[in-house]
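Note: hydrogens, waters and symmetry copies are ignored here, and every other heavy atom, side chains too, is used. Both ligands and their constituent atoms are indexed starting at 1 by order of listing. By convention here, the first residue in the shown sequence is residue 1.
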Amino acid sequence: MDPEKGFEQTIERDQRIEPRDWMPDRYRTTMVRQIAQHAHSEIIGMQPEGEWITRAPSLRRKAILLAKVQDEAGHGLYLYSAAETLGADRTDLTEKLIEGRQKYSSIFNYPTLSFADVGVIGWLVDGAAICNQVPLCRSSYGPYARAMIRICKEESFHQRQGYELLMTLMRGTDAQREMVQNAVDRWWWPSLMMFGPPDADSTHTAQSMAWKIKRHTNDELRQRFVDMTVPQAEALGVTLPDPDLRWNEERGHHDFGEIDWSELKRVISGDGPCNAERIATRRAAHEEGAWVRAAASAHAAKAKTREVA
Ligand code: BYC
């Protein structure tokens, strides 16, 4: 069969494209772009919360946070492996990240000012990630879809730990409740921006939907997240910082206020509060790890020589 027809049929029948299948160059490029950005987000995403590991208020909180940050490293590794099945090279992807030639999620360019931020990241950021990522378990590229299944299970644990942390703080003192509200005020709008630009301005959505890489548009997922989060905020006893947020009976959804799209553009283009710091930290970690990579490849070369002999 004509390989292009085979590809189209696979997509049409909701089956998976696998690494050795023929695929259009643009499909491959799009997959590498999305998977690499996603992997970079997981790795850079270790930083904002990682900063609190040494300052966690108890051994229990420290153990939970350590586990969560390690999970994110794991997610990054599954995703880099998925990108490698498309012919990408992990070292090359890392270099593109630290040279600012590939993106990562805007959300990780905001500072974590208190331990309540750890809870709010779990609740809102991981909550948004789940909304965005559950449909990606049905994405048309097999290795990506399969990686997402495990990632989503772990993200659900992350979200629950965040919510539990916030419930504990909300049962605490006035100062602790204030800390939570302050963190919610700072993270709410950036969390909505995680879903990407509005559909009308999204460059890739139409093609990615046609290829069944994305199953919903950015605005659909953003709406789903708002609808899911409002009752959780009520149960928690916090206010979401949007005076226009209200239930719309006719639409069967919550209306919400206008997002500051200029802020998203600014943060994506490198001018967020922590962009420079995040990249500098990632670059330093990469450079400090050079000896490990050199030792590993020397060891691999030696093992190969022994095999040949
Ligand atoms: N931040 O045409 P669009 C996590 C870029 S990790 C930065 O709508 P697309 C977690 C977009 O890449 C969270 N850039 O694009 C980890 C494109 O740029 P290029 C990451 C953004 O791909 C640790 C341009 O804007 N999740 O969950 O159709 C702890 C136009 O956008 C953003 C994923 O990566 C943004 N917010 O849709 C806790 C999930 N939004 O490439 C949590 C997988 C847009 O043309 N990715 N851009 O230069 C996706 O689902 C999609 O790629 C997106 C964007 C919805 C993000």
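Judged by distance alone, with hydrogens and angles left aside, the side-chain atoms of D117 form a donor-acceptor pair with the main-chain N or O of L113 at under 3.5 Å. Side chain of T305 to main chain of A301: a donor-acceptor pair is present (N/O by atom type, distance under 3.5 Å, no hydrogens or angles). Of the possible polar contacts, one joining the N275 side chain to the G272 backbone as a donor-acceptor pair under 3.5 Å is found. At least one donor-acceptor pair closer than 3.5 Å links the side chain of R222 to the backbone N or O of G196.
In the candidate list G45, P48, A206, S41, S41 is nearest to atom 6 (S) of ligand 1, counting heavy atoms. With Y144, Y104, F195 as candidates, the residue nearest to atom 7 (C) of ligand 1 on a non-hydrogen basis is Y104. Closest to atom 48 (O) of ligand 1 by heavy atom, among K103, H158, Q207, H216, is K103. Of the listed options R215, H204, Q34, K214, K214 places a heavy atom closest to atom 54 (C) of ligand 1.
The distance from ligand 1 to the heavy atoms of Q133 drops below 4.0 Å at these ligand atoms: 4 (C), 26 (N), 27 (O). Within ligand 1, counting atoms from 1 as listed, the ones closer than 4.0 Å to a heavy atom of E42 are 16 (C), 23 (C). Atoms of ligand 1 lying under 4.0 Å from at least one heavy atom of S202, given by number and element, are 2 (O), 3 (P), 8 (O). Against a heavy-atom cut-off of under 4.0 Å, M194 is close to the following atoms of ligand 1: 36 (N). Within ligand 1, counting atoms from 1 as listed, the ones closer than 4.0 Å to a heavy atom of G196 are 40 (N), 44 (C). Close contacts of ligand 1 with L136, meaning ligand atoms under 4.0 Å from a residue heavy atom, involve 43 (C). Of all the atoms in ligand 1, the ones that sit under 4.0 Å from a non-hydrogen atom of T203 are 2 (O), 30 (C).
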Working for salt bridge (charged side-chain N to carboxylate O under 4.0 Å, His left out), residues D126 and K68: CA-CA 11 Å; D126 289 277; K68 181 183 191 266; 3.1 Å; yes
Worked check of salt bridge (charged side-chain N to carboxylate O under 4.0 Å, His left out) between E51 and R278: CA-CA 11 Å; E51 284 172 13; R278 300 289 182 241; 3.3 Å; yes
From CA spacing to verdict: side-chain hydrogen bond (donor to acceptor under 3.5 Å, both in side chains), R251, Q223: CA-CA 11 Å; R251 289 202 312 122; Q223 180 71 62; 3.2 Å; yes
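Of the inter-residue distances, the one linking E8 atom CD with E12 atom CD reads 8.0 Å to the nearest 0.5 angstrom. Once rounded to the nearest 0.5 Å, the distance linking OG1 of T229 with CG of L240 reads 7.5 Å. In this structure, M193 CE and W188 CH2 are separated by 11.5 Å, a value rounded to the nearest 0.5 Å.
Distances shorter than 4.0 angstrom do not occur between any heavy atom of S208 and any atom of ligand 1.
Looking from atom 44 (C) of ligand 1 to the surrounding protein, the closest heavy atom is P197 CD, 3.5 Å. Looking only at protein heavy atoms, the nearest one to atom 29 (C) of ligand 1 is E72 OE2, 3.1 Å. Protein heavy atom nearest atom 35 (C) of ligand 1, with residue, atom name and distance: S106 OG, 3.6 Å. At the top of the distance list for atom 12 (O) of ligand 1, counting protein heavy atoms only, stands Q37 OE1, 2.7 Å. Atom 38 (C) of ligand 1 has D126 OD1, 3.3 Å as its closest protein atom, hydrogens excluded (heavy atom only). The protein atom (non-hydrogen) at minimum distance from atom 47 (N) of ligand 1 is I268 CD1, 3.7 Å.
On a distance-only criterion, N132 and ligand 1 share at least one N/O pair closer than 3.5 Å. Residue N218 has at least one N or O atom closer than 3.5 Å to an N or O atom of ligand 1. Looking at F108 next to ligand 1, no N or O pair under 3.5 Å apart turns up.
Contacts between R33 and ligand 1 below 4.0 angstrom, taking non-hydrogen atoms only, involve the side chain exclusively.
At a threshold of 4.0 Å, the pair E164-R160 does not count as salt-bridged, since none of the basic side-chain nitrogens sits closer than that to a carboxylate oxygen.
Scanning all heavy atoms of the two residues, the minimum distance from V125 to M194 falls at O-CE, 3.7 Å.
Here the rule is side-chain contact (heavy atoms from CB on, under 4.5 Å) with L166, and of L236, L124, V118 only L236 fits it.
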